[in-house]
Amino acid sequence: MRRMFYHIEGVLRGGVVRCAACGAELDGNLMSPKPCIEATASVTCDEKGLKWFINVWNWTAEVLAETPEGKYLKAVPEDEAAEEFEEKVLDAVDRQGAINISGHYSVTDELMEYLKGGVEAGRIRVETV
């Protein structure tokens, strides 16, 4: 797995899009494997090409993944795993912001390992949104 970081602003310089704050070369999504000097979220890219992130909106946090085709998937815990899953997601959000601040948050390494193990064990399913 690898992490890709959002950057605050892309500026075209010499035919290359670079971050206005840190100068990192950016891809078409204004992301790079190098973190920005400004605090920004990241996505975790798995071996299937999915880009995992936490979406917070209206006091609700969801773990989502964008497919290479631009479609979205959602991690949904089975009933017996729901409370622990929610705790881990909210912990990741609290480390980076707050549940009342809408936006994208990074999936922490701990949450990603939990998610991967939960999917393999059948405690978490991944559904099309």
- Item | Closest heavy-atom pair and its distance - Ala21, Ile37 | O-CD1, 3.3 Å
- Taking atom types as modelled and ignoring hydrogens, do the side chains of Glu69 and Thr67 form a donor-acceptor contact shorter than 3.5 angstrom? yes
- Query: Which distance, rounded to the nearest 0.5 Å, do you find between the CH2 of Trp57 and the OG of Ser102?
  - Reply: 8.0 Å
- Query: Rounded to the nearest 0.5 Å, what separation is found between the OG1 atom of Thr108 and the CG atom of Asp91?
  - Reply: 7.0 Å
- Note: Tyr6 and Asn29 closest approach over all heavy atoms is CD2-O, 4.4 Å
- Item | Derivation and outcome, side chain to side chain donor-acceptor pair (under 3.5 Å), residues His7 and Ser32 | CA-CA 8 Å; His7 289 260; Ser32 82; 2.9 Å; yes
- Message: When you group the ILVMFWY residues by side-chain heavy-atom contacts below 4.5 Å and let the links chain together, are Val16 and Met31 in the same group?
- Response: no
- Message: Taking Ser42's backbone N and O only, do any of them form a donor-acceptor pair with Ser106's side chain (distance below 3.5 Å, no angle check)?
- Response: yes
- With the 4.5 Å side-chain cut-off for hydrophobic clustering, are Val63 and Met112 part of the same group? yes
- Less than 4.0 Å between a side-chain N and a carboxylate O, is that true for Arg3 and Asp109? yes
- Message: To the closest 0.5 Å, what do you measure between CD1 (Ile8) and CD (Glu38)?
- Response: 4.5 Å
- Nearest-0.5 Å distance, CG of residue Leu50 to CE of residue Met1: 10.5 Å
- Note on the structure: Contacts satisfying salt bridge (charged side-chain N to carboxylate O under 4.0 Å, His left out) that involve residues 120-129 (not counting sequence neighbours) are Glu78-Arg125, Arg125-Glu127
- Excluding sequence neighbours, so at least two apart, what forms side chain to side chain contact (heavy atoms under 4.5 Å, CB included) with Val93? Ile54, Val56, Ala61, Tyr105
- Message: With salt bridge (Lys or Arg N to Asp or Glu O under 4.0 Å) as the criterion, how do Glu66 and Lys71 come out once you've worked through the C-alpha distance, each side chain's angles and the decisive distance to 0.1 Å?
- Response: CA-CA 6 Å; Glu66 181 181 1; Lys71 298 189 188 296; over 6 Å; no
- side chain to side chain contact (heavy atoms under 4.5 Å, CB included) evaluation trace for Asp27 with Met4: CA-CA 10 Å; Asp27 67 13; Met4 293 290 287; 3.6 Å; yes
- Task: Start with the C-alpha gap between Trp52 and Asp46, add the side-chain angles, then the distance that decides, and say whether side chain to side chain donor-acceptor pair (under 3.5 Å) holds.
- Result: CA-CA 8 Å; Trp52 291 93; Asp46 70 13; 3.0 Å; yes
- Specify the closest pair of heavy atoms between Tyr72 and Phe53, including all atoms of both residues, with the distance to one decimal. CE2-CZ, 3.9 Å
- Could you tell me which non-hydrogen atom of Cys19 sits nearest to which non-hydrogen atom of Arg13, and how far apart they are? O-NH1, 4.3 Å
- Message: Assigning hydrophobic clusters by single linkage (Ile, Leu, Val, Met, Phe, Trp, Tyr; side-chain heavy-atom cutoff under 4.5 Å), is Leu64 placed with Tyr114?
- Response: no
- Query: According to a 4.5 Å side-chain heavy-atom criterion applied to Ile, Leu, Val, Met, Phe, Trp and Tyr, with indirect links allowed, do Leu90 and Leu111 form part of one hydrophobic cluster?
  - Reply: yes
- Check: Phe5 and Pro35 side chains under 4.5 Å, non-hydrogen atoms: yes
- Message: Is there a path of hydrophobic side-chain contacts, each under 4.5 Å between heavy atoms, that joins Leu26 and Leu12?
- Response: yes
- Message: Taking Arg95 first and then Glu110, would you say they form a salt bridge - that is, a charged N and a carboxylate O separated by under 4.0 Å?
- Response: yes
- Interatomic spacing from CD in Glu62 to CG in Leu73 - rounded to 0.5 Å: 12.0 Å
- Message: Please find the pair of heavy atoms, one from Pro77 and one from Phe85, that lie closest to each other, and give the distance.
- Response: CG-CD2, 3.5 Å
- Query: Would Ile124 and Val76 count as a side chain to side chain contact (heavy atoms under 4.5 Å, CB included) if you check the C-alpha gap in whole Å, the side-chain angles of each, and the deciding distance to 0.1 Å?
  - Reply: CA-CA 6 Å; Ile124 299 171; Val76 180; 5.9 Å; no
- What distance do Lys51 atom NZ and His104 atom NE2 have between them, rounded to the nearest 0.5 Å? 12.0 Å
- Query: Looking only at heavy atoms, what is the nearest atom pair of Asp94 and Ala98, with distance?
  - Reply: OD1-CA, 4.4 Å
